[in-house]
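Worksheet: one structure, shown below.
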Amino acid sequence: MASLYKTPLTTLRGVGEKRAELFRKLGVDSVGELLNYYPRAYEDWTSVEKIKNLQEGGTYCIKAVLGTSVSDAMIGGGRIISKTTVYDDTGTLKLVWFNNRYISQMLAYGAEYFFFGKITVDKYGAQMLAPTFSPASKGAGIHPVYHTTAGLVSKHISNAVEQALQLLPEEVNDPIPEPIREKYGLCGLKQALGDVHFPMTREALDTARKRLVTEELLVLNLGMKSLRGHSRGVTGVKINKDFSADFERLLPFELTGAQRRAIADCVGDMTRRGAPMNRLVQGDVGSGKTAVAASVCYTAAKNGFQAAFMAPTEILARQHFNTLSALLEPTGLRVELLTGSLRESEKKRVREGLLSGEIDLVIGTHALITDKTEFHRLGLAVTDEQHRFGVAQRAALLGKGENPHLMVMSATPIPRTLGLIIFGDLDISVIDELPPSRKPVRTVLRGAADRKKIYAFIKSEIAQGRQAFIVCPLIEEGETEGLASAEEYAAELMLRDFSDIPVAVVHGKTKPDEKERLMADFAANKYGLLVATTVIEVGVDVPNASVMMIENAERFGLSQLHQLRGRVGRGEFQSYCILVSDNRGPVTMERLRVMCSTNDGFKIADEDLKMRGPGDFFGERQHGLPQLSIADFADSKSLELSQKIADDIIFIYKDLRCDELRLLNAEVERLFARGGQNILN
Ligand code: ADP
Ligand code: MG
């Protein structure tokens, strides 16, 4: 099997250079990878229906004989229509294909086939539209349907897979050792590969999937385990005194009970001897995580250690820097900012200060984890919006000290099973209380026809001194129809509806320093309205803003919408979130209704996970986990099983690098290298 990853696809019949290029587009570059290119769905050809029972709108498999040879005719626009009539012992049926000049060569008059397709009815009667087919002698079973790309249809892929399976050796070396397979009822790799592509029965497919899903999650588990390292050992950071009461006196407000509890948890971890703190602080948007982090940083710094606070974007880092330096510099602590967009001389100055130990607290972006950044005595690492960082990045930050304390913050509630994989043994504090005097954001759903009214409302809010956001979704190339880009949209607004109000526009192509300036000016109320793509998604704090209008709301995930909504309702003013969508599909309506009915981020995350799965939930590849090809992060049962097997394997074989696990280890490398991003290194 291993050597098949080095066998080029062109060794297969029917795959030349051109087609191999198409496969490459799908991420398939070798025979081995082709075998791992699993179907996205299946057509069940095991239950054959009689022609007389077919109903309009249904999708069926029939077994029938060609009663006429296929006739091709040209129709408008140079297109070809191919027709034939088939029969079984209960009736006849017309079959129709468009633009496939090969149909007439592939089907023979008088021969029997399985046909699979949808029944439609027009004025000429019932017909099966563009059915797939297979000779009756070999067609039964469950047929794979693959993700395709232009020029490469599912049938091409299944033909190639069929040949690839033939290339498997008689005895395939199995990455999962036999005793483990036996103990957990997992079938062998060869059987699994054969049956996942061409199962004869549902049961065979289930058995194959179970094996492959478990293997992939097992590999993921083992990889994450070795990434994290087994234990963090003993910390060299001695925190003796709790300064959180002093810190609270610096604040212009009183901490909530939940904030105090989270701080006490963290300080408790840091003052205890032995293992360093390893804590996740979860709290909904607006729950005041920044103050918690600041307090913990303050205690670390007052005990003579440096603290590093890492944020996922420049805007956030700068905002935290502004807040924390204003708060802490008067106490004699030195606070600095380190981000990629600083001038080189600035960066150099900050790095020198970190190395010499003159700087007590640094706030920054990924610039903090590059090799060039060194600390004198790093005692505490904090990461904000943790789901945006990979495990490797977190590890890199920790590597800058002697087993420093770690605090990670997230507004995204992570399902327990997934949390175990990402974080391993992590303690959790939940901030389950919002600061007092917060008024829940009122959320409504409106159609595009209401736009004028919404604008009028926004203007009235701005006239009262408030500010507003309008968010348009990011537009991908070639799908602009009906959707305005942020710039076009803003240009129109400024000319027509908001000509008397200063409008700022932030989008994907806005340069970082320009973005910085616009956001800062917006926060300072120099603009009444900010039009943006999702770049304002996390963190941004403008307590004076009271309206969040979201265009094409159906294009956002629920958790994303919730994050966006969290940008308003941060001050004392009644705030509003206006979702605009003309999509009245039942699923969309249901999702947007959830948004209107609750402000509870945990509830929304739950719904999101149920409806869309964790891919959307976390945002594209932002959790630092590799991309899975068959398993699913939401499948907690399989996750738990794989966790158990991983523990078992470590217990039995001790070392991942031992000979029995050689192949499994190779799979770990392969999974984590997928997509060109090797997060193991
Ligand atoms: P998040 O948890 O989303 O990161 P922030 O830390 O940005 O929330 O806090 C949101 C806003 O609430 C900030 O303006 C902050 O100053 C304010 N805030 C935080 N804690 C309290 C509190 N206990 N009382 C009043 N306002 C608070
Ligand atoms: Mg925050």
Heavy-atom neighbours of Gln574 CD exceed 12 at 6.0 Å: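 Yes, the 6.0 Å shell around CD holds more than 12 heavy atoms from other groups.
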CZ (Arg343) with more than 12 external heavy atoms under 6.0 Å: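 Count not over threshold, so no.
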Kindly indicate whether the side chain of [X], heavy atoms from C-beta on, has any atom under 4.5 Å from the side chain of [Y].
X      : Y      : value
Val281 : Val408 : no
Ile458 : Phe498 : yes
Asp521 : Arg517 : yes

[X] side chain to [Y] side chain, donor-acceptor N/O pair below 3.5 angstrom:
X      : Y      : answer
Arg351 : Thr370 : yes
Asp242 : Ser244 : yes
His320 : Asp384 : yes
Glu314 : Ser341 : yes
Thr588 : Glu554 : no

For the pair [X] and [Y], find out whether any cationic side-chain nitrogen is under 4.0 Å from an anionic carboxylate oxygen.
X      : Y      : result
Glu572 : Arg438 : no
Arg260 : Glu254 : yes
Asp432 : Arg261 : yes
Asp265 : Arg279 : yes

Phe522/Phe469 aromatic ring centres below 6.0 Å: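 Distance test on ring centres: under 6.0 Å, yes.
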Those residues that, when tested against Phe305, pass ring-ring contact (aromatic ring centres under 6.0 Å, His included) (two or more places apart): none
Those residues that, when tested against Phe243, pass ring-ring contact (aromatic ring centres under 6.0 Å, His included) (two or more places apart): none
Side-chain (Gln467) to main-chain (Tyr527) donor-acceptor, under 3.5 angstrom: yes
Intermediate values then yes/no, salt bridge (charged side-chain N to carboxylate O under 4.0 Å, His left out), Glu346 and Arg349: CA-CA 5 Å; Glu346 264 298 279; Arg349 186 182 63 77; 3.2 Å; yes
Looking at every non-hydrogen atom in both residues, tell me the closest pair between [X] and [Y] and how far apart they are.
X      : Y      : value
Pro543 : Arg570 : CB-O, 4.0 Å
Thr365 : Thr339 : OG1-CA, 3.5 Å
Thr323 : Gln319 : OG1-O, 2.9 Å

Pairs involving residues 444-462, ordered by first then second residue, that meet side-chain hydrogen bond (donor to acceptor under 3.5 Å, both in side chains) (sequence neighbours left out):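 Listed by first then second residue: Arg451-Glu551, Lys452-Asp497, Tyr455-Tyr489, Glu461-Ser546.
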Pairs satisfying side-chain hydrogen bond (donor to acceptor under 3.5 Å, both in side chains), at least one member in residues 292-307, at least two apart: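 Passing the test, one end in residues 292-307: no pairs.
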Under the salt bridge (Lys or Arg N to Asp or Glu O under 4.0 Å) test, residues paired with Arg466 that sit two or more places apart: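 With neighbours one apart ignored, the set is empty.
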Sequence neighbours excluded - ring pair (Phe, Tyr, Trp, His ring centres under 6.0 Å) pairs with any residue from residues 562-601: Phe457-Tyr576
Chi angles and distances behind the side-chain contact (heavy atoms from CB on, under 4.5 Å) call for Val471, Met549: CA-CA 6 Å; Val471 174; Met549 172 182 181; over 6 Å; no
